[in-house]
Enquirer: 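Following this message is one structure expressed as structure tokens.
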Amino acid sequence: MSRILHSTEGRLALITIVVFVLMAALSPERFLSPQNLTSMAFQFPEFAILALAVAVAMLTGGIDLSVVGAANLSAVVAALFMANVVGADGGAGMVALAFVMALCVGLVAGLFNGVLVATLGLPPILATLGSGLIFTGFAIAMTGGSAVMGLPSAAAWIGNGTILWIPVPLVVFALLAAALGWLMSRTSFGLKTRMFGANPLAARYAAMDTGAVLIKLYALCGMLSAVAGFIVMSRANSAKADYGSSYLLLAVLIAVLGGVNPYGGYGRIIGVVLAVLSMQFLSSGLNLLGVTNFAREMIWGALLIAVMLINTLAKRRTS
Amino acid sequence: DAHAKQMATVVKIDGIAWFNRMREGVDEWAEETGNNAFLVGPAQADPQQQVALIEDMIAQGVDALLVVPMSPEAIEPVLGRAMEQGITVITHEAASQQNTQYDIEAFRNEDFGANLMDRLAACMGEEGEYAVFVGSLGSQTHNQWVDGAIARQEEAYPNMTLVGDRNETADDQQQAYARAQEVLRAHPNIKGMQGSASTDVAGIGLAIEERGLEDETCVFGTSLPSIAGQYMETGAVDGIGFWDPKIAGKAMNAVAMMVMNGEEITDGMDLGLEGYGNITLDGKVIYGEAFVDVDASNMADYDF
Amino acid sequence: MKSFDWARNEVLVFGVIVAFCVLAAVSDPNFLSIPTLIDLMRNGIVLGILAVAAMVVLVSGGIDVSFTAVAAFAMYTTTVILRDVAPDLPWPVAFAVATAIGAALGAINGVLIAVFGLPTLIVTLGTLSVFRGFLLTFVGTVQISNLPSGMRDFSRLMMIRGTNSDGSFYSLPWAFAFLVALVILTWFILNRTMLGRSIYAIGGAPESARRIGIDVTKTQMFIYIYVGALAGLAGIIHASTARIANPFDLVGLELSVIAAVVLGGARLTGGVGTLTGTLLGVALIVLVRNSLIVIGIPSTWQSVTIGALILLGTGLPAWQAKRAEARAA
Amino acid sequence: MTDTSAPLVTLEGVTKRYAAITALSEVDLTIRAGEAVCLAGENGSGKSTLIKVLVGVERPSAGRILFDGVPQTRLTPTAATRAGMQVIFQDFSLFPNLSVAENIAMTAERATGARLVHRRRARERAREVLDRIGVDLDLDARVERLPVAHKQLVAICRALAADARLIIMDEPTTALTEREVARLLDLIRRLKADGVAVLFVSHKLAEVLEVCEHVVVLRNGEKVADGPAETFDAASLTRAMTGRDVAETPPEPLDPSASDLLKVENLTKDGAFRDVSLTLRAGEVLGVAGLLGSGRTSLAKALFGLATPDSGRVTLDGTDVPLGDPIAAAGAGIGYVPEDRLTEGLFLEQSIARNIAVGRLEAHASGGVLNLRDLWEEAAEWLKRLSVKAPDPQAPVRSLSGGNQQRVVLARWMARQPRVLILNGPSVGVDVGSKAEIHAIISDLAARGLGVIVISDDLPELLGTCHRILVMKAGVITDEVAGGEGITEDDLSHRLAS
Ligand SMILES: Nc1ncnc2c1ncn2[C@@H]1O[C@H](COP(=O)(O)OP(=O)(O)OP(=O)(O)O)[C@@H](O)[C@H]1O
Ligand SMILES: Nc1ncnc2c1ncn2[C@@H]1O[C@H](COP(=O)(O)OP(=O)(O)OP(=O)(O)O)[C@@H](O)[C@H]1O
Ligand SMILES: [Mg+2]
Ligand SMILES: [Mg+2]
């Protein structure tokens with residue numbers, strides 16, 4: 001037990017469980033109802049995937065504030081393709097093609113960030129703030145600001161379908177989280193990412209291909225954003241430049257709550273997953289209790305600070 | 001009691017004056033009918049947050065969902081799921097909504113826009129330059145009002161000219177103020193401005209007052225007396241139009257109840273609410289005649 | 001102080017401002033006029049004060065994203081208190097209350113950062129949500145357009161008044177004097193007091209500062225309280241000049257403000273930043289946000305333009321620095 | 001009341017514990033006005049901790065500190081400064097973003113208790129101190145742009161400006177060239193004459209014995225020797241520090257048939273070095289001597305691709321090495337152990353194993369997937385081979401002492417099996433014991449046919465390890481001497497300085 005409490009993730013897991021139990025205790029028949037559990041499972045994957053992207057960027061000591069912009073731009077491009085070229089009766093193959101297009105847009109957006117950060121040396125926080133505005137701007141310019149509709153019904157599956165009663169978005173998120181966790185801990189790319197985050201100068205002196213690592217990393221963030229954008233599009237049956245605008249702060253909050261060090265070098269995907277879950281439990285639980293959504297925001301912030309305080313005090317105690 | 005229905009009104013954003021007024025209506029209705037009707041809204045103006053909130057309401061097992069969509073397209077799927085589960089779905093301000101049993105509109109948006117234009121034109125002496133403002137370029141309602149207004153001007157007031165694009169204000173008074181300043185600089189001869197978001201005319205009014213152009217210009221738009229009142233007092237804003245969200249809230253709940261009771265909605269029906277005494281039914285859209293014209297002379301009658 | 005390179009961002013930003021003005025003047029000869037200038041100055045007041053606050057934190061090596069929530073909190077709470085308790089108090093009282101509330105919220109950041117040693121970004125990210133959430137949950141959500149008389153009086157205090165050729169007025173509110181006074185005060189603190197030099201010292205090398213006996217905790221407490229106070233003041237000025245207290249206002253501006261400060265040459269890593277640069281950065285952002293129509297950029301392309309400007313403004317110096325580094329190595 | 005005959009500083013039974021580690025154990029120490037005391041000891045013996053305790057940065061766990069015979073309870077940095085204690089830390093602790101004048105005057109100005117900045121007084125104070133030690137620096141220059149030696153001068157000036165009665169220098173000579181060290185020692189002598197006491201921390205035995213009256217040796221936090229400098233010589237001091245004798249092994253003579261390995265032709269980089277040509281043979285250890293700013297580091301970085309030369313050519317075994325690309329240079333078989341281990345060499349919070357493996361992750365991966373067991377085993381293998389004293393390859397590298405950290409960086413490069421290894425200051429901040437072991441590693445590398453380039457300010461080190469030594473001045477190679485027995489330290493130092 002005390003071993004568990006010694007790690008950031010261990011404490012976070014405990015917090016997640018406490019939140020779950022608390023919410024279940026406060027409104028047992030509603031919180032634990034199958035509808036509520038499914039509803040939660042449908043809700044969180046979209047911002048959870050964005051949080052994964054932000055977390056991955058933070059591992060390098062950077063940040064990606066353009067995730068929402070990239071997500072919407074990818075979704076808008078895919079939606080325009082489906083609405084105008086494919087039409088409402090397009091099949092799964094066409095939707096898959098649109099998905100690939102979204103991924104490509106995300107990739108290009110990510111590469112753009114990567115070049116800004118790695119090649120031109122912009123501070124990531126400003127580079128991605130600026131590029132995020134540009135991505136959103138392109139999405140607005142392409143759509144005139146209104147929603148793109150008329151998607152084929154096959155497109156609804158990824159956001160609303162289920163596989164063996166498990167929501168597809170949840171499956172996508174689980175696969176992505178597992179793949180990222182594996183990528184970050186078991187591959188040379190992941191290790192390089194974290195080593196770079198820990199000390200960029202030493203990474204260069206160790207003849208690490210730092211530029212390539214960063215560019216690949218931001219490209220990865222862009223593609224994750226595109227997946228999130230596609231899910232949002234599918235769930236909304238439309239794409240628009242300003243969907244999910246409140247997700248950015250939430251994604252950053254989750255990444256940090258998940259124990260990712262925003263100054264680089266430390267962070268684990270499992271932490272992000274736990275943070276996402278505790279946020280969702282809190283959020284849905286409070287909604288069931290009829291607590292206003294503003295209080296929810298306050299509780300999130302307080303939770304973040306509380307976790308940081310606990311981590312710091314725990315570290316002080318051990319040293 | 002056991003027959004009380006759970007009826008959730010989900011609005012675009014919680015806390016603002018407009019939806020607080022709507023909450024009054026919902027609460028009043030709950031009181032009158034003994035049903036458990038309540039109003040909720042997300043903390044941020046983001047369609048996705050509204051979707052999440054609707055999901056939570058479905059999970060909670062409500063009997064009826066009454067939604068004022070932030071973005072009608074974005075909530076189609078989730079409303080579809082709600083209807084599949086047998087939940088009664090009524091919407092407001094979303095004439096194009098597919099997954100709804102009835103959509104309630106206080107009026108036809110084009111008519112409302114045209115009405116504002118008539119008032120603007122009368123004030124301007126039917127001639128001169130005017131500009132239009134929308135909360136966001138993506139807002140269907142705002143654009144329909146503006147479309148209606150421009151169509152009326154083109155048809156009826158040939159001596160008036162529209163200058164510039166639709167100015168986007170992000171539903172933010174500061175933005176509206178800055179856009180208005182810019183319009184005033186770019187078009188010194190401007191005579192009229194029409195706002196769409198409730199904060200638009202307030203921002204415009206502030207810019208007008210600062211320049212002392214209260215008498216030279218005419219400003220009309222959708223707003224509430226609590227927001228635009230101080231500018232109507234000085235004449236910086238010449239008039240506003242709106243519908244009473246309190247009555248709209250009641251109307252949504254009333255229609256939902258009728259649907260749940262299996263009553264039929266018919267053209268020309270009387271919902272028993274002011275402005276909804278002789279409704280027009282067009283497909284599943286219910287149109288009322290609930291617009292309220294307010295200017296300095298009658299603003300004291302509306303305390304919200 | 002005399003080395004040129006300090007001025008690099010400032011010169012660049014100044015150049016972009018001039019280029020922008022030339023472009024605007026070409027497309028609209030009326031652009032270069034007193035009313036335009038006054039409009040821009042008005043629009044820069046609140047942004048300017050917030051940017052000064054953000055700069056102080058950046059110089060000390062921290063980053064604060066909660067100041068907009070502090071401003072909104074102080075502004076709205078003050079208005080509510082005045083409205084409910086004493087609607088007839090004069091505006092200086094309202095300003096003092098808002099400043100005090102801002103300072104108190106700043107002190108909360110200060111305790112978490114200075115005393116508990118938590119990272120500034122995380123703390124302020126958290127307090128951003130907490131302050132805003134608390135405000136909207138417990139204080140209120142409805143915008144107040146019927147401001148207490150003191151605040152209304154303030155909005156009518158004009159410093160400069162004039163008449164345009166077409167008979168309309170232009171006027172610069174006294175609120176602008178607050179910006180000027182706060183810039184002077186902050187300049188004095190940063191450059192003429194030991195406390196201010198300690199802020200630069202902490203931003204440059206925190207460990208060294210500790211070693212020469214600078215009380216880092218106290219200095220950081222001061223910084224966050226001061227920034228909170230400035231934010232509170234900015235908030236009440238915002239409400240007074242806009243004649244409405246809207247609790248949803250201001251939050252969301254924080255990153256643009258920080259971008260303006262960095263455009264002006266402050267370093268995100270701390271220790272470097274000037275008020276001249278900060279004001280130039282603000283001037284550029286205000287200019288661009290409020291003049292795109294004049295130079296014929298449709299509103300659909302505005303966010304692209306502002307994004308590109310941020311990239312250009314931070315990208316050129318970053319790229320130059322990178323090249324210089326490669327040359328020097 | 002202060003007792004004028006009392007020693008300036010007295011430490012009685014000072015103990016400092018960090019959790020499980022006892023960094024200082026019952027140390028007694030006395031320093032009198034005008035006296036230079038040397039504090040010697042291996043890495044991690046507690047020298048820096050003693051300084052921190054003395055100036056109130058850390059509170060002792062037990063024991064007393066007396067200034068002028070007065071016990072100090074709750075000593076703070078400010079109180080220590082007021083009492084005239086001034087430290088020049090290993091890293092100088094300057095403010096890179098502030099001007100020279102402000103750096104020099106800040107401590108003194110703070111001591112006056114003034115709340116406002118007196119710019120003129122501060123500048124005068126700075127100017128005065130610079131004049132006192134006879135150097136001329138631009139008062140308005142920003143410190144981050146100054147070369148290392150100048151930074152150190154600023155740090156010394158800052159101490160003097162604060163009316164220091166005791167100046168504590170923590171390894172002040174590691175970043176200085178011989179000539180600058182000589183100037184520093186000269187300066188210390190003058191300070192002593194002015195009645196200022198000096199506590200001098202160093203690994204360099206010769207300097208220690210040259211300027212100090214009194215030597216104190218720490219080992220594992222305990223004082224193991226204390227006496228007048230005359231009673232020590234290099235050997236006895238080394239024995240006191242390490243508890244054993246350390247002998248240097250000179251390099252094996254170079255095989256005359258060894259082939260040319262690295263050829264540098266007319267390499268030029270504007271403002272750094274000019275027209276550099278050299279040949280390194282397989283199995284050769286080539287030294288590069290030069291003063292600070294002579295361009296040695298720039299040259300090394302250029303060879304490793306961290307800087308792009310303007311013109312010239314580098315070939316390895318007759319094949320061109322692409323310039324300005326560290327990945328290509330490393331791929332071609334060139335390795336570089338940087339000057340500053342902590343910022344350029346190591347990932348401090350990361351594990352030892354990762355620090356070693358980071359140079360060749362591809363070798364531990366198939367299709368990008370890491371074989372962690374393989375990675376750990378290899379790291380453990382290297383720790384054994386280089387006799388690194390580490391608890392476990394999974395421990396963070398921060399937990400190691402300086403000498404062991406340096407060996408980790410060496411292991412990283414050795415694991416890549418480079419053809420040419422460039423070592424910049426291989427024993428900077430490393431204790432005597434580890435130093436000899438690092439030298440042994442260098443000889444061993446050469447014996448296996450590697451070409452090694454050693455850049456160092458430590459002339460005995462160059463003389464003891466190199467077959468040949470190039471002398472670099474103002475970016476140009478001006479001289480070449482044979483290492484080993486061929487030349488004395490004085491001789492080499494003369495050639496550098498002339
Ligand atoms: N803050 C700390 N926490 C825990 N242990 C510490 C701390 N500071 C120093 N130590 C330990 O105390 C011992 C003495 O360290 P110190 O830095 O005083 O050695 P030093 O003689 O100055 O070494 P070097 O020559 O490498 O500078 C070391 O074992 C070190 O790991
Ligand atoms: N003659 C010169 N004129 C201007 N700058 C110079 C000159 N010589 C060297 N420099 C600059 O001084 C800096 C120090 O040079 P470099 O680090 O190569 O010297 P070094 O002797 O190798 O240093 P170290 O002794 O620290 O290893 C470099 O940035 C270099 O560009
Ligand atoms: Mg008027
Ligand atoms: Mg030390």
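To find a chain, count down the sequence lines: A is the first, B the second, and so on, and within it residues start at 1. Just so we're clear, the structure is a prediction, and the values are computed from it rather than from any experiment.
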Enquirer: Check C:Ser208 against D:Leu94 and note the closest heavy-atom contact, atom names and distance.
Expert: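 That would be OG-O, 3.5 Å.
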Enquirer: Working to the nearest 0.5 Å, report the span between CZ of C:Arg197 and CD of D:Glu102.
Expert: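 Nearest 0.5 Å value for the CZ-CD distance: 4.0 Å.
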Enquirer: Could you report the tightest heavy-atom contact between D:Val57 and C:Arg211, atom names first, then the distance?
Expert: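 Closest heavy-atom pair between D:Val57 and C:Arg211: CG2-CG, 4.5 Å.
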Enquirer: For a quick test of reading the model, state the closest non-hydrogen atom pair linking D:Asn97 to C:Tyr200 and the distance between them.
Expert: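 Smallest interatomic distance, heavy atoms only, reads ND2-O, 2.9 Å.
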Enquirer: Between C:Ile189 and chain D, with a heavy-atom cut-off of 4.5 Å, which part of the residue counts as in contact: side chain, backbone, both or neither?
Expert: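 For C:Ile189, there is no contact with chain D at all, as no heavy atom is under 4.5 Å.
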Enquirer: What pair of heavy atoms forms the shortest contact from D:Met106 to C:Ile212, and how long is it?
Expert: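 In terms of heavy atoms, the two residues are closest at CG-CD1, 3.5 Å.
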Enquirer: Quick one: what part of D:Arg110 sits under 4.5 Å from any heavy atom of chain C, side chain, backbone, both or neither?
Expert: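 Both backbone and side chain of D:Arg110 come within 4.5 Å of chain C.
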Enquirer: How long is the straight-line distance from OG1 of D:Thr112 back to CE of C:Met194, given to the nearest 0.5 Å?
Expert: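 That separation rounds to 6.5 Å.
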Enquirer: Looking only at heavy atoms, what is the nearest atom pair of C:Thr193 and D:Leu116, with distance?
Expert: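 Smallest heavy-atom distance, with atoms named: CG2-CD2, 3.7 Å.
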Enquirer: Return yes when atom CZ of D:Arg127 has more than 12 non-hydrogen atoms of other residues, nucleotides or ligands closer than 6.0 Å, and no otherwise.
Expert: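 Yes - once you tally the heavy atoms of other residues, nucleotides and ligands closer than 6.0 Å, there are more than 12.
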Enquirer: Against chain C, label D:Glu144 side chain, backbone, both or neither, depending on which of its atoms sit under 4.5 Å from a heavy atom there.
Expert: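 Just its side chain gets close to chain C.
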Enquirer: So which atom in D:Pro96 and which in C:Ala205 form the shortest heavy-atom distance, rounded to 0.1 Å?
Expert: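 Minimum heavy-atom contact is CD-CB, 4.0 Å.
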Enquirer: Report which part of D:Ala162 has an atom under 4.5 Å of a heavy atom belonging to chain C: side chain, backbone, both, or neither.
Expert: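 Looking at D:Ala162, nothing touches chain C.
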